[in-house]
Structure formats: structure tokens, C-alpha cells
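Taking it in order: structure first as C-alpha cells, then the write-up.
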Amino acid sequence: MWDKSTDDWKVFWFNKCATYSLSNWEGPGPYFNNQTGGRAVASFYRRDGSSMKNVSPGDDGWWDWSPVWKIRNCY
């Protein structure tokens with residue numbers, strides 16, 4: 001994510017298989033699923049808990065983070 005306070009990119013590492021809540025992630029930005037293995041599909045969730053997107057290992061792209069409330073990095 002772009003960190004306005006430092007005027008630089010900030011990389012988040014979600015190492016443990018878990019669901020992570022996001023705070024103040026606004027606007028478009030990149031994603032990259034750097035995981036391997038069959039359970040390494042990452043999922044983005046809306047405020048109501050519904051799934052928005054699944055990201056397979058090795059996939060990358062841009063996403064609007066404003067409506068994303070949680071990320072689960074594996075299942």
C-alpha cells in the first residue's frame with residue numbers, strides 16, 4: 001500500500017494462515033500472492049463478510065482496497 005505519511009510503498013506480510021482485518025486501506029493498489037501450495041489461495045472480503053475475490057498462488061494485479069475489510073491468506 002502507498003503510505004502517505006512516508007511517501008513510499010509499504011509491504012504487508014501475512015505469514016500465518018489466518019483472517020486479517022484491514023484498517024484505512026483506501027483506493028487502488030497492487031497485490032501479489034507469493035505463496036505456494038494447494039491451500040495458498042488468498043481471499044478478499046467485504047464488510048458483510050461476502051467474498052470479493054480469490055487470488056491463486058503467483059497471481060498479481062491491482063485492486064480497489066476501499067471496500068475490502070478482511071483478507072484470508074489461505075484456507
Donor-acceptor under 3.5 Å (Q35 side chain, A40 main chain): yes

Hphob cluster co-occupancy, V55 + L22, side-chain heavy atoms under 4.5 angstrom: yes

For G37 against P57, the heavy-atom pair lying closest together: O-CG, 3.7 Å

Donor-acceptor contact below 3.5 Å, side chain R46 vs main chain P67: no

Donor-acceptor contact present, side-chain S66 to main-chain E26, <3.5 Å: no

Contacts table for residues 68-75: side-chain donor-acceptor under 3.5 angstrom, sequence neighbours left out:
unit_1 : atom_1 : unit_2 : atom_2 : d
R72    : NE     : C74    : O      : 2.9
R72    : NH1    : T19    : OG1    : 3.1
N73    : OD1    : A18    : N      : 3.0
N73    : ND2    : F14    : O      : 2.7
N73    : ND2    : K16    : O      : 3.1
Y75    : OH     : G38    : O      : 2.9

F44 reachable from W25 in the ILVMFWY side-chain graph, under 4.5 Å edges: yes

Residue pairs, two or more places apart or on separate chains, that pass disulfide bond (SG atoms under 2.5 Å apart) and touch residues 24-63: none

Pairs touching residues 54-63 that satisfy side-chain hydrogen bond (donor to acceptor under 3.5 Å, both in side chains), sequence neighbours left out: S43-N54

Parallel, tilted or perpendicular: rings of Y31 and W65 (30°, 60°): perpendicular

Distance-only donor-acceptor check, side chains D8 and T6, under 3.5 Å: no

